[in-house]
Amino acid sequence: AGVLPAAPCESLSEEQLAAIHAQVLAVCTAACGRLERGCDFPVGWLFHHRWQGQTSGSMASPLGRIHFDTVGGRTTAFVPARQVKGQAAGKAGGEAKGKA
């Protein structure tokens, strides 16, 4: 969905919320279908690169530079070049679209 894991929910735009919802459904559907058939997960999934035992810092990958951070007490892996902050206008933590 292209959203940073640390983006507060109240900072997300309606479009970002819809994209997250759609991607959660798509990932769950794909994962369950592949597990059922005994297939590997898609090559483009971050899943293949995030289990490196890192809890901070970053590493290079074919998907882009993967950064590791703690969000909500859990280690998360994300690719800043592909994931953005919340984009809801006028909300805490978000920036209005088109403004820096």
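Note that these values count all heavy atoms, side chains included, but never hydrogens, waters or copies made by symmetry. All values reported here derive from a predicted model rather than from experimental measurement.
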Can you confirm whether [X] sits close enough to [Y] that some side-chain heavy atom of one is under 4.5 Å from a side-chain heavy atom of the other?
X	Y	answer
T70	T76	no
R65	H67	yes
I20	V3	yes
F78	D69	yes

Between NZ on residue K85 and OG on residue S13, distance to nearest 0.5 Å: 15.0 Å

Nearest-0.5 Å distance that lies between atom CG in L17 and atom CD in Q87: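 One finds 11.0 Å between CG of L17 and CD of Q87.
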
Please confirm whether the backbone N or O of [Y] pairs with a side-chain atom of [X], one donor and one acceptor, at under 3.5 Å?
X	Y	result
Q83	A1	no
S11	P8	yes
R34	D40	yes

So which atom in [X] and which in [Y] form the shortest heavy-atom distance, rounded to 0.1 Å?
X	Y	result
I66	A77	CG2-CB, 3.9 Å
A7	G86	CB-N, 3.7 Å
V71	P5	CG1-O, 3.8 Å

V79-M59 co-clustered via ILVMFWY side chain contacts under 4.5 Å: yes

